[in-house]
Amino acid sequence: MLVYSTPLLAEDVEVTGPVELTLYAASDAPDTDFTAALVDVHPRGDAIIICDGIIRARFRESYEAPAPIDPGRVYEYRIALWETSNLFKAGHCIRLEVSSSNFPRFSRNLNTGEEVATGTRMQTARQTVLHSTQYPSHIILPLVDA
């Protein structure tokens, strides 16, 4: 899991509306999942998931026409974390957690491209997440001015 956290917030920050992560990533598997969670980290260390989402690589462009990925190739994934409204209080941190699984919340991915219900093989997937000028992975947080 990759974890990105802000420093302690100096003032309250309101996030209201749709949250979306654009992720540039490669995998050595023909299919895999990428997940993301927006988390409110309290001063005592409690981490509360505010909203989360998932994208299965084969559905990155269309649910009607799934397509495997080419292992090692970088793709753009857009992960909808759905809508939220949360006030991150001063002294808290805003955290983004990026992973390749969130089971049992979301169904498992065998990483082979086989159908979930009938697949029998499992494959470990090695993921590479990129964030550079060429591959600008980023999250969109709809901030509300106080």
To check you understand the geometry: which heavy-atom pair defines the closest contact between E64 and S62, and what is its length? N-OG, 3.0 Å
Does the side chain of P18 reach to within under 4.5 Å of the side chain of W82, using non-hydrogen atoms? no
Testing the basics here: between K89 and L9, what is the closest heavy-atom pair and its distance to 0.1 Å? O-CD1, 3.9 Å
Test of understanding: with salt bridge (Lys or Arg N to Asp or Glu O under 4.0 Å), list the residues that count as partners of R108, not counting sequence neighbours. none
Kindly compute the distance separating CG (N111) from CD (E114), expressed to the nearest 0.5 Å. 11.0 Å
Could you tell me whether the side chain of N109 reaches within less than 4.5 Å of the side chain of D31, counting heavy atoms only? yes
To the nearest 0.5 Å, how far apart are CG in L21 and CG in L81? 6.5 Å
State whether E115 and R58 are salt-bridged, where the test is any N-O pair (Lys NZ or Arg NE/NH1/NH2 against Asp/Glu carboxylate O) under 4.0 Å. yes
CG-CG distance between L2 and L96, expressed to the nearest 0.5 angstrom: 9.0 Å
Okay, side chain of S137, backbone of L130: is any donor-acceptor separation there less than 3.5 Å? yes
Would you mind reporting whether I54 and F34 have side-chain heavy atoms less than 4.5 Å apart? no
Donor-acceptor pair, side chain of R60 and main chain of A57, under 3.5 angstrom: yes
Any chance the side chains of T22 and E76 put a donor and an acceptor closer than 3.5 Å? no
Linking I/L/V/M/F/W/Y whenever any side-chain heavy atoms sit under 4.5 Å apart, do F59 and Y75 land together? yes
According to a 4.5 Å side-chain heavy-atom criterion applied to Ile, Leu, Val, Met, Phe, Trp and Tyr, with indirect links allowed, do L143 and I50 form part of one hydrophobic cluster? yes
Which residues share a salt bridge (Lys or Arg N to Asp or Glu O under 4.0 Å) with R56, sequence neighbours left out: D33
Least distance between heavy atoms, G113 atom then P30 atom: N-CG, 4.4 Å
Quick check against the 3.5 Å criterion: does T84 have a side-chain atom that pairs as donor or acceptor with the backbone of C51? no
Compute whether any side-chain donor of one residue and acceptor of the other, for T16 and E14, lie under 3.5 angstrom apart. yes
To check you understand the geometry: which heavy-atom pair defines the closest contact between S107 and F103, and what is its length? C-CD1, 4.3 Å
Looking at R95 and D40, does any basic side-chain N land under 4.0 Å from a carboxylate oxygen? no
Side-chain heavy atoms under 4.5 angstrom apart, residues restricted to Ile, Leu, Val, Met, Phe, Trp, Tyr: same cluster for L23 and V39? no
When rounded to the nearest 0.5 angstrom, what is the spacing between CD in E11 and CZ in F88? 14.5 Å
Measuring only between side-chain heavy atoms, which start at C-beta, is I140 closer than 4.5 Å to V19? no
Just wondering, do T35 and E97 contact through their side chains at under 4.5 Å, heavy atoms? no
With sequence neighbours left out, the residues meeting side chain to side chain donor-acceptor pair (under 3.5 Å) with H131 are Y4
Could you tell me whether the side chain of Y135 and the main chain of V74 form a donor-acceptor pair under 3.5 Å? no
Connected via hydrophobic side-chain network under 4.5 Å: I139 and I79: yes
Under a 3.5 Å threshold, yes or no: a donor from one side chain and an acceptor from the other, between Q123 and T112? no
If you round to the nearest 0.5 Å, how far is CD of Q127 from OG of S99? 9.0 Å
Closest non-hydrogen atoms of G72 and A26, given as atom of the first, atom of the second and distance, are O-CB, 3.8 Å
Between I69 and Y77, is there a side-chain heavy-atom distance shorter than 4.5 Å? yes
Expected output: side-chain D28 to main-chain R126 donor-acceptor under 3.5 Å: yes
Counting distance only, does the side-chain N/O of D12 pair as donor-acceptor with the main-chain N or O of A90 below 3.5 Å? yes
L8 side chain reached by C93 side chain, heavy atoms, under 4.5 Å: yes
Any side-chain heavy-atom pair from V13 and I94 closer than 4.5 angstrom? yes
